[in-house]
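Each chain gets a letter, A, B and so on, in the order its sequence line appears, and its residues count up from 1. As the structure is a prediction and not an experimental result, all values here were calculated from the model.
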2 protein chains.
Amino acid sequence: MISRKTKYALQALGRMAASPAGEPMLIADLAARERIPRKYLETILVTLRKGGVLQSRVGRGGGYQLALPPAEITLARVVRLLEGEFAPLPCLADSEPVCCDECDDLATCGTRLVMADVKRAVTVTLENLTLADLAERSRAAAARQRGLVDFSI
Amino acid sequence: MISRKTKYALQALGRMAASPAGEPMLIADLAARERIPRKYLETILVTLRKGGVLQSRVGRGGGYQLALPPAEITLARVVRLLEGEFAPLPCLADSEPVCCDECDDLATCGTRLVMADVKRAVTVTLENLTLADLAERSRAAAARQRGLVDFSI
DNA sequence: TTTATGTCTATAATATCTATAGGAAATAAT
DNA sequence: ATTATTTCCTATAGATATTATAGACATAAA
């Protein structure tokens, strides 16, 4: 289960990915259109900016925009910024894996060995999805819903 | 990240899978050997019993044992019992998917469409792993660590 | 200089997870 | 029968994490 925070981030980024590049979007607009608490969204966007996914400009005419083309922003990157490095167990962290208190030996822990498979599966999946995929799938689903045959799938 | 509860469950089940079948194990022993708070483990084992993964007998000579051969107990089943059905988002639940408050339409939500891939990846992985895998990997790792070449990999 | 905008730090509110307590019920041995 | 052993049940306390809000501050354009 991803946190609500991460979900909000993906919604906001999806909206930006689907909007014309070059036009900064306002926090307040994003919050209203995606129904995200505004102050909460602020903190999320700051995290994304510090992580290199967003650019911002302060002052009149300012706002947020993607720092890279949507196809170059993987979901893995976004999720990592908000949830931290993905690891089903603390002992499976890439950087400084920590053995659980109750474990004698990380290297022979069966739980860790099987959960490593889960980590790999999730990582591969998230590395291969981008904001472009997110936006495109949404667009295609909406087109399909309107009864149109969508030839660009 | 799996909860500590689920981790405890896997540790205890792994221990049982690696022990000779037919001999019930005591909560107190499992708790001591895996360093799990005893009362907490009790509640976990009850959940597993109600879920059909464990059998128990009360009274002297009683205890817990697996209700099925380790190879027939998938991690998916265990994780589902403890964490609930796996779904990265509430709208991706198999039974009664619930659209997020802030979403207009579940069917065209891009976030949901990409997270469906993650759900699939995790589900497939967990369905294909069993307690036998967990126990065997631990055994093999321990053998390897002792400097033995392990031919049974 | 005024208005519009993001930034930062702190903290409140809520939810979830982890752990414990204490006794009830069941079973086997004596 | 009685006792020792063991799981079962219900409730609740304690700890931690998540979600949300507040308010003062900094920056930039008109």
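- Put simply, NZ on K5(B) is 17 Å from P on dT16(D), counting in whole angstrom units.
- Atom P of nucleotide dT19(D) and atom CD1 of I44(A) are separated by 9 Å, given to the nearest angstrom.
- When the P atom of dC8(D) is taken as reference, atom OH of Y40(B) falls 18 Å away, rounded to whole Å.
- From I36(A), atom CD1 reaches atom NZ of K5(A) across 13.0 Å, with rounding to the nearest 0.5 Å.
- A9(B) approaches V78(B) most closely through the heavy-atom pair CB-CG1, 4.5 Å.
- When the side chains of ILVMFWY residues are joined at heavy-atom separations under 4.5 Å, either directly or via intervening members, L41(B) and L82(B) end up in a single hydrophobic cluster.
- In this structure, the side chain of S138(A) engages the main chain of T108(B) through a donor-acceptor pair within 3.5 Å.
- The side-chain heavy atoms of L75(A) and M115(B), taken from C-beta on, include a pair separated by under 4.5 Å.
- Residue E102(A) forms a side chain to side chain donor-acceptor pair (under 3.5 Å) with just one option from R35(B), Q11(B), K7(B), and that option is K7(B).
- One atom, CD of Q55(B), and another, P of dC8(D), lie 12 Å apart when rounded to the nearest Å.
- Here the P atom of nucleotide dT19(D) and the CD1 atom of I36(A) are 12 Å apart, to the nearest Å.
- If you take CE of M1(A) and C1' of dC17(C), they are 15 Å apart, rounded to a whole angstrom.
- At the phosphate of dA20(D), OP1 or OP2 sits under 4.0 Å from a side-chain N or O atom of Y8(A).
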Mind listing the N/O atom pairs, protein and nucleotides 5-13 of chain C, below 3.5 Å?
| residue | atom | partner | partner atom | Å |
| --- | --- | --- | --- | --- |
| dT5(C) | O2 | G59(A) | N | 3.4 |
| dG6(C) | OP1 | I27(A) | N | 3.2 |
| dT7(C) | OP1 | R49(A) | NE | 2.7 |
| dT7(C) | OP1 | R49(A) | NH2 | 3.2 |
| dT7(C) | OP1 | S56(A) | OG | 3.1 |
| dT7(C) | OP2 | Y64(A) | OH | 2.2 |
| dC8(C) | OP2 | R49(A) | NH2 | 3.2 |

